[in-house]
Every structure is written in C-alpha cells, then in structure tokens.
Undergrad: 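Here it is: the structure, laid out below.
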Amino acid sequence: MSISLSPAALARVQRYLVETPEALGLRFGVSRTGCSGWQHIADLARDQREGDHVFEQDGVRIYVDDTSLPLVDGTRIDLVKQRLGEQFVFRNPNAADECGCGESFTTSADTA
C-alpha cells in the first residue's frame, strides 16, 4: 500500500511545510460528496490520529486514515500548472468513474 508524490507535488508540499512549520506533513484521504460519491481531500496534517497510516517520501510524511486507504491506495499526487495557477491532480487507480466536472469519483466497489 502506498501513496506517492510527483517531483512537482513533492516540491510544493515541501514549500507548504516550510511555510507552516507546525504541520507534520500532508493529510490525504476522501470524503463523501459530489455526484459520484467520493472526493479527494488534501490538507496539511497538524496531528497524527488513531488509525492513520503514514507514508514517507523524501522527508515528507503523508497521513491517510483507515477508511480512506482502500479508496486511495496506489494514488500518485501530481501538481499541474495551468495558466496563472496550479492544482493538485490525483491519479487514483481505484477510481472507476468520475463525475462530469471531475470533482468526485466512484470505485468499482461502489458500483458492485
């Protein structure tokens, strides 16, 4: 089981952590929302919670809760620059389908 960051995403998360020294790393997971059912959530981890799985890449810790892990296992987080902005993009092998706007996804387990 693993979560990985592309070089661009890793560099951006490292900058966030320098700007927020009290943060422990990146918190990554899912929440129920949208028309397809699940939405990726990424934020700074400010604490380690019971049931967290911790992955580390080049000194950056990624915290994933027990419920989210089966839905995001194998995800590669990338950072894409578009025009004047940038955004994280989640390449999740567990996503079987996405809603039209791309904000939420479903897994094959959801459709079974």
Undergrad: With side chain to side chain contact (heavy atoms under 4.5 Å, CB included) as the criterion, how do Phe105 and His40 come out once you've worked through the C-alpha distance, each side chain's angles and the decisive distance to 0.1 Å?
TA: CA-CA 9 Å; Phe105 68 97; His40 293 104; 3.3 Å; yes

Undergrad: List the steps, then state whether side chain to side chain contact (heavy atoms under 4.5 Å, CB included) holds for Val80 with Gln82.
TA: CA-CA 6 Å; Val80 177; Gln82 299 173 332; 3.9 Å; yes

Undergrad: List the atom pairs, donor and acceptor, that lie under 3.5 Å between side-chain atoms in residues 14-21 and the rest of the protein, sequence neighbours left out.
TA:
from  : atom 1 : to    : atom 2 : distance (Å)
Thr20 : OG1    : Tyr16 : O      : 3.3

Undergrad: Looking only at non-hydrogen atoms, find the nearest pair between Asn92 and Thr75 and report the distance.
TA: CG-OG1, 3.3 Å

Undergrad: My understanding is that a hydrophobic cluster links ILVMFWY residues whose side chain heavy atoms are under 4.5 Å apart, including indirect links. Using that, what else belongs to the cluster containing Leu24?
TA: Val54, Tyr63

Undergrad: What distance separates Gln57 CD from Ser6 OG, expressed to the nearest 0.5 Å?
TA: 8.5 Å

Undergrad: Do Val30 and Ile41 come within less than 4.5 Å of each other through their side chains, counting heavy atoms only?
TA: no

Undergrad: Would you call Glu56 and Ile62 a side-chain contact if the rule is heavy atoms closer than 4.5 Å?
TA: no

Undergrad: Rounded at 0.5 Å granularity, tell me how far OG1 in Thr107 sits from CG in Asn94.
TA: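 One gets 7.0 Å once the value is rounded to the nearest 0.5 Å.
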
Undergrad: Minimum heavy-atom separation for Arg76 to Pro7, with atom names?
TA: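 Taking every non-hydrogen atom into account, NH2-CD, 3.6 Å.
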
Undergrad: What closest approach, in Å, do Asp73 and Pro93 show between heavy atoms, and which atom pair accounts for it?
TA: O-CG, 3.6 Å

Undergrad: I need the minimum non-hydrogen distance between Asp47 and Asp52, along with the two atoms involved.
TA: O-OD2, 4.2 Å

Undergrad: Which value, rounded to the nearest 0.5 Å, describes the distance between Asp78 atom CG and Arg12 atom CZ?
TA: 14.0 Å

Undergrad: Considering residues, nucleotides and ligands other than Arg61, do more than 12 of their heavy atoms fall under 6.0 Å from its CZ?
TA: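 Counting other residues, nucleotides and ligands, CZ of Arg61 stays at 12 neighbours or fewer.
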
Undergrad: Using a strict cut-off of less than 4.0 Å between a Lys/Arg side-chain nitrogen and an Asp/Glu carboxylate oxygen, indicate whether Asp65 and Arg27 qualify as a salt bridge.
TA: no

Undergrad: Can you tell if the side chain of Val89 reaches within under 4.5 Å of the side chain of Ile77, non-hydrogen atoms only?
TA: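 No, their side chains stay 4.5 Å or more apart.
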
Undergrad: Could you walk me through whether Phe28 and Phe55 pass the ring pair (Phe, Tyr, Trp, His ring centres under 6.0 Å) test, one step at a time?
TA: CA-CA 11 Å; Phe28 178 60; Phe55 302 93; 9.6 Å; no

